[in-house]
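Proteins get letters first, then strands, A, B, ... in listed order; numbering begins at 1 in each.
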Protein chains: 2
Amino acid sequence: MINHIKKLLPLDKLEEEVLLSKITFKKLKRRQFLLQEGDVCRHYNFIVEGCMRMYMVDEKGTEHNLQFGEKNWWITDIGSFHSDVPTQLFIDALEPSEVLQIKKEDLIFIYTHFPKIDRYFRVLIENAFIKMQARVLQNISATAEEKYLTFLKDYPNLSNRISQIQIASYIGVTPEFLSKVRRSLMK
Amino acid sequence: MINHIKKLLPLDKLEEEVLLSKITFKKLKRRQFLLQEGDVCRHYNFIVEGCMRMYMVDEKGTEHNLQFGEKNWWITDIGSFHSDVPTQLFIDALEPSEVLQIKKEDLIFIYTHFPKIDRYFRVLIENAFIKMQARVLQNISATAEEKYLTFLKDYPNLSNRISQIQIASYIGVTPEFLSKVRRSLMK
DNA sequence: AAAAAATCTTAACCTAGGTTAAGATTAATT
DNA sequence: AATTAATCTTAACCTAGGTTAAGATTTTTT
């Protein structure tokens, strides 16, 4: 994580030490939950190994993937985290995974004492926002085929690791229809 | 704008003065553009009067509304603004409008010298991100009727002021189909 | 106040994508 | 290695939402 942050901005020894001291490590088996509906999201989670997803389950029991995450990605329900409100989301591991966690009070401590790290997290959110915005545009304007091709382009690593069921759920179609789309792309 | 910011956090005289000194005022007629495809978005825009929208135009010429804004809302293509990259978006006025603008270098100056205002803009983005996330979830999981009802609930003021064409474009259906939805809701 | 432009509705017909279900393939678990 | 469970595909049929076009209504502009 430290190395990842250092790519965006160099940290001095003190900043590095403080960050390290506030981090806890967690190992997750395949399918194990990091967050479940009704929980309050208490941590920012940084994935160091594996692959995870964040999703919602509707009244019919269908899962809808909001986000994936792999090595060097953050995965957190920011809404629940900041408002201390129970989440409607789940986060679980698609593969055996390892995450680093920072608690809210520690994060706020770091924000107030280390402006450089504060800036790092701001840029993080700005980028996440820009991506979400692009995704909304796709959602309201593109066909399933276009959405699928965009997914392959944006997440080439992920698309080999995760099942089509997960991809279908992310772009908002059924796995059966995604299968049709893929066939028509092949010929 | 100052009053709006003050609701979220009290400003002292100096902060208020600096903000005021960096702001420029702009009046827009109905349908006038604040940003067009190909421009680099150079300002954060705060709406003091009127109603605006930000949208994309696809190859077929169809408009897709990404965001509306009314009094006390910010409307800006953050992606283009931060990367100095030409935008693919348009911002124009749905009603005669008035906006306050802050240039990028001034915003950065304020960020670095006034942590309180810096925090205000961070919260702004965090909230915008959370809303976008909720919208993606709706997009991939809900029917047109559900999306329409959510829009009415989330933006009760806007839904009386703007045309159904605009609402349809925001939720990602044709105006004709939105008309069907409304009829079936009325009975 | 009149003319022009934009909006809203309706209806007939079309299509992208959903549903159900079954079989084939692959991956996970014992 | 065998069993179980999950994934992927296919196909027949269904439905939410799109398309085209025309008329009625409302809003803007002159």
Side-chain angles (χ1 to χ4, degrees), chain A residues 28-32 50-51 53 55 57-65 68 92-97 138-152 158-187, chain B residues 28-32 50-51 53 55 57-65 68 92-97 138-152 158-187:
Chain A
L28 294 157
K29 293 184 206 147
R30 191 155 183 278
R31 245 152 247 193
Q32 192 178 342
C51 183
R53 65 175 177 145
Y55 60 99
V57 180
D58 67 23
E59 335 75 56
K60 286 174 201 148
T62 311
E63 299 172 356
H64 302 279
N65 288 341
F68 296 113
D92 70 11
L94 294 171
E95 300 173 5
S97 300
Q138 272 261 108
N139 280 337
I140 64 178
S141 71
T143 64
E145 178 171 312
E146 289 165 339
K147 290 175 201 167
Y148 177 61
L149 290 173
T150 300
F151 182 85
L152 295 187
L158 280 177
S159 48
N160 301 320
R161 282 164 84 174
I162 67 186
S163 73
Q164 288 169 220
I165 294 178
Q166 300 304 335
I167 298 176
S169 166
Y170 180 92
I171 66 180
V173 300
T174 58
E176 293 85 352
F177 189 68
L178 180 56
S179 186
K180 274 192 214 175
V181 168
R182 283 164 49 85
R183 179 160 42 119
S184 101
L185 281 171
M186 282 196 314
K187 90 50 289 356
Chain B
L28 294 157
K29 294 185 206 146
R30 193 154 180 279
R31 247 156 247 189
Q32 193 178 342
C51 184
R53 65 173 177 145
Y55 60 99
V57 180
D58 67 23
E59 334 75 57
K60 286 174 200 149
T62 310
E63 298 172 354
H64 301 278
N65 287 339
F68 297 114
D92 69 11
L94 294 171
E95 300 172 6
S97 300
Q138 272 259 111
N139 281 338
I140 64 178
S141 70
T143 64
E145 178 170 314
E146 290 165 337
K147 289 175 201 166
Y148 177 61
L149 291 173
T150 300
F151 182 84
L152 295 185
L158 281 177
S159 47
N160 301 319
R161 282 164 85 175
I162 66 185
S163 73
Q164 287 167 221
I165 293 179
Q166 300 305 333
I167 298 176
S169 166
Y170 181 92
I171 67 180
V173 299
T174 58
E176 292 86 351
F177 189 70
L178 179 56
S179 186
K180 275 192 213 174
V181 168
R182 282 163 51 85
R183 179 159 43 116
S184 100
L185 280 171
M186 284 197 314
K187 89 65 267 16

Can you find a side-chain donor-acceptor pair between A/D92 and A/Q32 that sits under 3.5 Å? no
When the nearest nucleotide of DNA chain C is assigned to A/E145 and to B/S179 on a heavy-atom basis, which residue is associated with the more 5' position? B/S179
Atom-to-atom span, [atom1] of [X] to [atom2] of [N] - whole angstrom:
{"X": "A/R30", "N": "D/dA5", "atom1": "CZ", "atom2": "C1'", "result": "10 Å"}
{"X": "A/I162", "N": "D/dA6", "atom1": "CD1", "atom2": "P", "result": "18 Å"}
{"X": "B/R31", "N": "D/dT28", "atom1": "CZ", "atom2": "C1'", "result": "8 Å"}
{"X": "B/E95", "N": "D/dT28", "atom1": "CD", "atom2": "C1'", "result": "14 Å"}

What distance do [X] atom [atom1] and [Y] atom [atom2] have between them, rounded to the nearest 0.5 Å?
{"X": "A/N65", "Y": "B/I140", "atom1": "CG", "atom2": "CD1", "answer": "7.0 Å"}
{"X": "B/Q166", "Y": "B/L178", "atom1": "CD", "atom2": "CG", "answer": "11.5 Å"}
{"X": "A/S184", "Y": "A/R182", "atom1": "OG", "atom2": "CZ", "answer": "11.0 Å"}

What are the bounds, 5' to 3', of the part of DNA chain C that sits under 4.0 Å from heavy atoms of chain B? C/dA6 to C/dT10
End-to-end bend of the helix from C/dA1-D/dT30 to C/dT30-D/dA1 (five-pair axes, 10° rounding)? 70°
What's the shortest heavy-atom distance between B/E145 and B/V181, and which atoms? CA-CG1, 3.8 Å
All heavy atoms of B/G50 vs all of B/S97, minimum pair found to be CA-OG, 3.5 Å
Over 60° means perpendicular and under 30° means parallel, so classify the ring planes of B/F68 and B/Y170, tilted if in between. parallel
Using the side-chain hydrogen bond (donor to acceptor under 3.5 Å, both in side chains) rule, take A/Q164 and A/S179 through it: C-alpha gap first, then chi angles, then the decisive distance, then the call. CA-CA 8 Å; A/Q164 288 169 220; A/S179 186; 5.1 Å; no
Ranking B/K180 and A/E176 by the position along DNA chain D of their nearest nucleotide, the one closer to 5' is A/E176
For B/S163, report the nucleic acid contact type (base, sugar-phosphate, nothing); a contact means any heavy atom under 4.0 Å. sugar-phosphate
